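Since the structure is predicted, the reported quantities are computational estimates derived from the model, not experimental observations.
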Amino acid sequence: MKRLKRVAMLLVLCASVGSVPAAQPQQQEVQDGITLRPINKYWSVLISKEQLNQQAAQEYSGLISTAREKGALVPASDPEARRLRAIAQRIIPFAPRWNPEASGWNWQVNLLESDQVNAFCMPGGRIAFFSGIIDKLKLTDDEIAAVMGHEMAHALREHGLEQAGKSGLTSLGARLGGAALSAWLGIDPNITSTATNAAGQLLVLKFSRNDEREADLVGLDLAARAGFDPRAGISLWQKMAAQNQRAPIELLSTHPLGTERIAQIQDHMNVLLPLYARTKGTTVDKLPPYRSNVALR
């Protein structure tokens, strides 16, 4: 009987994919001063975490392998790669606060040579930064931590699981064409090997406005607890806006930008700054004014 009920539920879910009904009012919870939606278990009936993690592992492995073959994987000995991993090592210990399962994740951090202004964290803690986001935005360590925390938060809050379900990914083996990587690595888009197709569906999921809000705030919470100044979240998005005016940033096609986004970060400084101040052994009122490394409006 239980199996029959499960099959019936799966059929209902499969029928609804691609035409998800209007969201019903959801309960909210407050954790560490941040208002959140409870992690939605609805989609885990259709797409299991195990499936998603396996898919993420395959896609990430394929991406890194292809980057290595094409000379686009920055060596672990490179100062910028070491810098990224040092920042991650400080943030990762605080990840289980937002998802207890993260304590068992096999965290990976890699830097890829690319002009793209982008970064991501796939389910299971697989992080990649494109060199373009560091170089073009002249990111400080605090700003890198804001980006990294944001992307980690998507994985921790299981936004990918929900969006995969909404996108109708009932078969997680679906792949993008080779053209997904061709513009980046100069790969022939006609190549159809698994490695070439590594930039699969998980890399192109579009998160909702609420997902982005959660990722901003949870990410800055992680950064602040790790001793990075959360005020860098404001300068980061100011830099993003300035860069986007000079040349459109692909990242911003799925990440909303604007005064509202910066305002919500500012509204939570009363929660975030005390966390940061505590790591410095001081109080908020004794923190020096925040200054970015470039002039911002």
For this session: Show the numbers, then the answer: is there a side-chain contact (heavy atoms from CB on, under 4.5 Å) between Ile92 and Trp105?
Result: CA-CA 10 Å; Ile92 288 170; Trp105 288 359; over 6 Å; no
Exercise. Do Thr140 and Asp142 get their side chains close enough for a donor-acceptor pair, meaning under 3.5 Å?
Worked result: no
For this session: Show your reasoning for whether side-chain contact (heavy atoms from CB on, under 4.5 Å) applies to Arg97 and Arg225.
Result: CA-CA 11 Å; Arg97 293 183 63 88; Arg225 291 180 188 278; 3.2 Å; yes
Problem set entry | Smallest separation among heavy atoms of Gly149 and Leu222, with atom names | O-CD1, 4.0 Å
For this session: Would you kindly confirm whether Val271 and Phe94 end up in one hydrophobic cluster when ILVMFWY residues are joined by side chain heavy atoms under 4.5 Å apart?
Result: no
For this session: Assess Arg126 against Trp107: is NZ or CZ under 6.0 Å from the centre of the six-membered ring, and within 45 degrees of the ring's axis?
Result: no
Problem set entry | Between Ser131 and Glu80: side-chain donor-acceptor atoms closer than 3.5 Å | no
Problem set entry | Exam field: side chain Asn106 to backbone Gly124, donor-acceptor pair closer than 3.5 Å | no
Problem set entry | Test item: Thr279 side-chain N/O and Tyr276 main-chain N/O as donor-acceptor pair under 3.5 Å | yes
Exercise. Just how far is it from atom CG of Leu220 to atom NE2 of His268, taken to the nearest 0.5 Å?
Worked result: 10.5 Å
Exercise. Do the charged groups of Arg261 and Glu212 touch, with an N to O distance under 4.0 Å?
Worked result: yes
Exercise. Arg157 side chain to Glu214 main-chain N or O, any donor-acceptor pair under 3.5 Å?
Worked result: no
For this session: With rounding to the nearest 0.5 Å, note down the distance linking OG in Ser114 to CZ in Phe129.
Result: 13.5 Å
For this session: Indicate if Tyr290 and Ile87 have the same hydrophobic cluster label, given that clusters are the connected sets of ILVMFWY residues with side-chain heavy-atom separations under 4.5 angstrom.
Result: no
Exercise. Are Leu84 and Met148 close enough that some pair of their side-chain heavy atoms sits under 4.5 Å apart?
Worked result: yes
Problem set entry | Nearest heavy atoms of Asn99 and Leu156, plus distance in Å | ND2-O, 2.8 Å
Problem set entry | Side chains of Val74 and Asn110 in contact at under 4.5 Å (non-hydrogen atoms) | no
Exercise. Do Val218 and Leu275 belong together in a cluster built from hydrophobic side chains that touch within less than 4.5 Å?
Worked result: no
For this session: Search all heavy atoms of Lys136 against all heavy atoms of Val117 and return the closest pair with its distance.
Result: CD-CG2, 3.7 Å
For this session: Over all heavy atoms of both residues, which pair between Arg90 and Ala226 is shortest? Give the atoms and the distance, please.
Result: NH2-O, 2.9 Å
Exercise. Can you tell me how far CG of Leu139 sits from CG of Asp135, rounded to the nearest 0.5 angstrom?
Worked result: 9.0 Å
Seminar exercise, completed: d(Leu287 CG, Lys280 NZ) to nearest 0.5 Å is 9.5 Å
Exercise. Can you name the nearest heavy-atom pair linking Ala145 to Phe228, along with the distance?
Worked result: CB-CG, 3.4 Å
Exercise. Could you state the interatomic distance from NE2 (His150) to CG (Leu217), rounded to the nearest 0.5 Å?
Worked result: 10.5 Å
For this session: State, without any angle test, whether Trp98 and Asp221 hold a side-chain donor-acceptor pair at a distance under 3.5 Å.
Result: yes
For this session: Check the pair Ile133 / Gln116 against side-chain contact (heavy atoms from CB on, under 4.5 Å), numbers first and verdict last.
Result: CA-CA 7 Å; Ile133 194 170; Gln116 288 190 40; over 6 Å; no
Problem set entry | Closest non-hydrogen atom pair, Pro230 against Met269 | O-CE, 3.4 Å
Exercise. If you round to the nearest 0.5 Å, how far is CZ of Arg291 from CG of Asp229?
Worked result: 12.0 Å
For this session: Identify the residue among Ile127, Ile134, Leu73 that makes a side chain to side chain contact (heavy atoms under 4.5 Å, CB included) with Leu111.
Result: Ile134
For this session: Report yes or no: do Gln55 and Glu59 form a side-chain donor-acceptor pair below 3.5 Å?
Result: yes
For this session: Given side-chain contact (heavy atoms from CB on, under 4.5 Å), test Glu143 with Met240 step by step and report yes or no.
Result: CA-CA 11 Å; Glu143 290 163 348; Met240 286 278 198; over 6 Å; no
